[in-house]
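Here the structure is laid out as structure tokens; the discussion comes afterwards.
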Amino acid sequence: MLWSTLLALPLAAAAPSGLEWAKRQGGTTMLRFGCAQVVIDRLDPLVNPGQLPSTHMHQIVGGNMFNATMTTGDVSQGASCTTCAFSKDFSNYWTANLYFKARNGSYKRVKQLGAANQFSDNFSTQIGGGILIYYVSASPGKVTAFKPGFRMLVGDPGKRTPNVKLQNCYRCYTGPNFGGDNAAPCADGKLDTIGLPTDVCKGGIRSNILFPTCWDGVNLDSPDHKSHVAYPSSGPAAFLSLGGNCPASHPVRIPQLMYEVVWDTTPFNNKADWPTDGSQPFYLSYGDNTGYGQHADYVFGWQGNELQIGMDATNCMGAKCKTMVNQDIAKAKACSVKSRVNEEKDAWISKLPGMEM
Ligand SMILES: *[C@@H]1O[C@H](CO)[C@@H](O)[C@H](O)[C@H]1NC(C)=O
Ligand SMILES: *[C@@H]1O[C@H](CO)[C@@H](O)[C@H](O)[C@H]1NC(C)=O
Ligand SMILES: *[C@@H]1O[C@H](CO)[C@@H](O)[C@H](O)[C@H]1NC(C)=O
């Protein structure tokens with residue numbers, strides 16, 4: 001996504017650069033950086049702790065502490081490497097994988113791409129298989145970074161009815177090289193949809209998942225992994241809500257965390273291979289071809305005060321920010337976690353792992 005356009009969005013007509021807009025707001029930071037794949041596995045330490053395998057497959061990025069069980073505590077203390085551009089970010093970020101279902105009923109996993117070249121740093125364009133992560137802070141007022149042990153979940157894999165578009169949406173890329181990557185996430189009336197696109201996307205499909213920006217200030221987690229955080233009670237939702245008011249129950253403003261996943265669906269764009277009833281053939285790993293059940297998990301794992309440094313900085317855009325420490329892509333890609341559930345991840349398969357269909 002073109003973040004200068006993104007940050008200019010609240011001003012509608014005038015479109016200054018991201019930095020220019022940030023200065024006018026009195027200080028905005030948008031960390032936007034890639035994290036390469038650390039493992040693909042059927043684990044979910046938040047929702048199904050200790051379960052090997054968990055209910056469905058995930059694409060996981062970040063630190064190498066990721067495991068079937070991740071007890072509370074400071075994961076940055078246990079991890080020895082990370083796949084993220086910021087070398088002190090040992091957090092884990094994960095989402096569902098996407099699969100193509102062929103006419104004969106077989107499935108094949110759709111590969112994830114890196115970030116669009118024209119708007120990105122050299123690290124983030126090379127994270128094929130990874131996820132692009134955003135942390136945004138904007139005035140007015142302070143944004144409080146997450147604390148060690150903090151975790152949260154957004155979305156619900158059981159949901160099959162539409163979401164709030166500005167919190168969870170899909171962009172249908174119109175052509176090669178991320179064609180149509182030209183508006184704030186979930187804000188384009190035509191290219192962004194609440195459900196998975198119903199027709200061929202010539203440049204692939206992007207998923208944006210936006211986490212709540214308000215915290216109860218006390219709990220690092222909650223039984224449903226959601227109730228300790230909330231979306232703003234007033235003002236527009238999600239990315240446009242940075243100035244929105246937090247409800248009294250969740251008074252602490254936290255960074256706007258967003259995941260951006262790009263699937264290279266282009267090898268599956270031949271409509272002759274699509275279902276004869278005209279439906280679209282892509283399924284999320286928990287057996288959903290509506291896309292409404294898209295969800296994302298987060299376990300905070302930045303070392304020390306590093307994320308707060310970023311959130312307190314002004315005018316940082318992208319994958320570099322003042323004193324925050326980076327690493328190069330080769331080092332990031334050398335970091336991985338061994339898969340614990342041995343299942344096929346690349347070949348054609350007769351059913352989605354864990355799904356009775
Ligand atoms: C995951 O947990 C298992 C069991 O506690 C342990 O044997 C393994 O080393 C852990 N893996 C990582 C990557 O920490
Ligand atoms: C199903 O269709 C796909 C795509 O045409 C093909 O590659 C695969 O081999 C087929 N699988 C079976 C079991 O026939
Ligand atoms: C990215 O890498 C390419 C090739 O290694 C180089 O030509 C280009 O200048 C780099 N761009 C930036 C912004 O570092």
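From a predicted model like this one, the values you see are computed outputs, not experimental measurements. Atoms within each ligand, like the ligands themselves, are counted from 1 in listed order.
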Quiz item: Do Val154 and His295 have side-chain heavy atoms sitting under 4.5 Å apart?
Solution: no
Quiz item: Does some side-chain heavy atom of Val337 sit less than 4.5 Å from a side-chain heavy atom of Asn67?
Solution: no
Quiz prompt | Protein residues having a heavy atom less than 4.0 Å from any atom of ligand 1 | solution = Asn64, Asn67, Arg340
Quiz item: Which of these passes ring pair (Phe, Tyr, Trp, His ring centres under 6.0 Å) with Trp302: Phe86, Phe146, Phe90?
Solution: Phe86
Quiz item: Is the Phe33 to Tyr134 ring centre distance short of 6.0 Å?
Solution: no
Quiz item: Can you list the residues that meet the side chain to side chain contact (heavy atoms under 4.5 Å, CB included) rule with Cys201, with sequence neighbours excluded?
Solution: Cys172, Pro197, Ile205
Quiz item: Within a radius of less than 6.0 Å around NZ of Lys322, do more than 12 heavy atoms belonging to other residues, nucleotides or ligands occur?
Solution: yes
Exercise. Taking only heavy atoms of Ser106 into account, list the atoms of ligand 2 that are under 4.0 Å away from them.
Key: 1 (C), 11 (N), 12 (C), 13 (C)
